[in-house]
Amino acid sequence: SAVISQKPSRDICQRGTSLTIQCQVDSQVTMMFWYRQQPGQSLTLIATANQGSEATYESGFVIDKFPISRPNLTFSTLTVSNMSPEDSSIYLCSLRLGGAGELFFGEGSRLTVL
Amino acid sequence: QQPVQSPQAVILREGEDAVINCSSSKALYSVHWYRQKHGEAPVFLMILLKGGEQKGHEKISASFNEKKQQSSLYLTASQLSYSGTYFCGTESNSGYALNFGKGTSLLVTP
């Protein structure tokens, strides 16, 4: 299994500001995934972060709004830029060990934008 | 492409059974099932690989019909702890991110 430490666990932010979410893993993994879960909704993939290359973004998500860093095999950050109330969501980092098998999730970061 | 889950919501009495369905318009390599309780991250239940297998986890089991691109999750003799939202996650190629359905809200009452 994998232990994923994600922080902050929650935050209240002002419109127009940016917040960086950190995700630390106790195992080396090639791919990490960032999901967004809006209130009462499903999990939507934002991007796939590979170590050593640019993140791959899903339709509807852009790098300027959600820049991602992946400096090594155990760490990644997601920044939510120029936030608006529509960005109020839970953001989850996730990974799969060995490239297959179950998807492990961090505890999530609950952002509220006022 | 997002898989389609049904039903959207289920209310059961303790001890009753339920079936949650998940279907995809794309060929699938695997189907995953997760349960999420309010305020918590999703928890893995099981994975089914193409080949039409069926798996069980205590009183929760699932099947995967590769040809129909469908999976079903079976909850038998439900317990209060089964309450939560169930998501199926699908992948067409191994090792990548999952596409999740909209979820099925399950409430088990005493």
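Just so it is clear: chains get the letters A, B, ... in the order the sequence lines come, proteins before strands, and each one is counted from 1.
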By a 4.5 Å heavy-atom criterion (distance strictly below it), what part of [X] contacts chain B: side chain, backbone, both, or neither?
X: A:Gln37; result: side chain
X: A:Leu43; result: both
X: A:Leu103; result: both

Step through it carefully: locate the ring centre of B:Tyr34, locate the ring centre of B:Phe87, and say whether they are under 6.0 Å apart.
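No.
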Measure centre to centre between the rings of A:Tyr35 and B:Phe100, then say whether the value is under 6.0 Å.
yes
Side chain / backbone / both / neither for B:Gln5 at chain A, heavy atoms under 4.5 Å
neither
Which portion of B:Gln36 sits near chain A, non-hydrogen atoms under 4.5 angstrom
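The side chain, not the backbone.
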Atom CD of A:Glu107: over 12 foreign heavy atoms under 6.0 Å
no
How about A:Phe104 and A:Leu97: do any of their side-chain heavy atoms sit closer than 4.5 Å?
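In short, these two side chains touch, coming nearer than 4.5 Å.
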Checking side-chain contact (heavy atoms from CB on, under 4.5 Å) against A:Leu111, which of A:Ile12, A:Ile21, A:Ile90, A:Asp87 comes through?
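With A:Leu111 as partner, A:Ile12, A:Ile21, A:Ile90, A:Asp87 yield a single side-chain contact (heavy atoms from CB on, under 4.5 Å), made by A:Ile21.
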Result for side-chain contact (heavy atoms from CB on, under 4.5 Å) between A:Asn50 and one of A:Met31, A:Arg70, A:Met32 points to A:Met31
Pick from [options] with the largest number of heavy-atom pairs that fall under 4.5 Å of chain A:
options: B:Gln2, B:His32, B:Lys102; value: B:His32
options: B:Gly103, B:Pro42, B:Ala41; value: B:Pro42
options: B:Gly101, B:Ser30, B:Ala97; value: B:Ala97

